[in-house]
Amino acid sequence: MTAGAPASRRATVVGAGGLGGPIALALAADGVHVTVCDPDHVDLSNLHRQIAFTGDDLGASKAQRLVAAIIASGGQATAYLGRFEAASAS
């Protein structure tokens, strides 16, 4: 965490793929508690652009795998497996 930063910083990242994955990892590395929203699963067809996943993750929930990677590196994260919609934004 950055020196002097509040411990209660939170962010929601919608999508755990090519853009959301690196963003979530960077936020978590800076001490932000990240909620990752993604209903999809890791698929071979787009694995080449999703740096948070490997072939071992094929078929697994993107949100759950990304959260596991964040936690394994010492960060804090929560997975939300549903679609992000206005009704679920609270």
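The model shown is predicted, which means the values in this text are computed figures rather than measured ones.
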Result block: side-chain N/O donor-acceptor pairs under 3.5 angstrom for residues 58-73, not counting sequence neighbours:
residue, atom, partner, partner atom, Å
Ser61, OG, Ala63, N, 3.4
Ser61, OG, Gln64, N, 3.1
Arg65, NE, Asp57, OD1, 3.3
Ser73, OG, Ala69, O, 3.4
Ser73, OG, Ile70, O, 2.9

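- Under the 4.5 Å side-chain heavy-atom criterion for ILVMFWY residues, no single connected hydrophobic cluster contains both Val14 and Ile23.
- Contact record, Gly17 with Pro22: O-CD, 3.7 Å, taken as the closest heavy-atom pair.
- Linking ILVMFWY residues whenever their side-chain heavy atoms come closer than 4.5 Å, directly or via other members, leaves Val13 and Tyr80 in distinct clusters.
- The two atoms that bring Gly82 and Pro39 nearest to each other are O-CD, 3.8 Å, heavy atoms only.
- When all heavy atoms of Leu25 and Ala52 are compared, the closest pair comes out as CD1-CB, 4.2 Å.
- Side-chain atoms of Asp38 come within 3.5 Å of backbone atoms of Asp40 as a donor-acceptor pair (strictly under, hydrogens ignored).
- More than 12 heavy atoms of other residues, nucleotides or ligands shown are found within 6.0 angstrom of CG on Leu81.
- Among pairs with a residue in residues 19-29, none fulfils salt bridge (charged side-chain N to carboxylate O under 4.0 Å, His left out), at least two apart in sequence or across chains.
- The side chain to side chain donor-acceptor pair (under 3.5 Å) check on Thr78 picks up His33, with sequence neighbours excluded.
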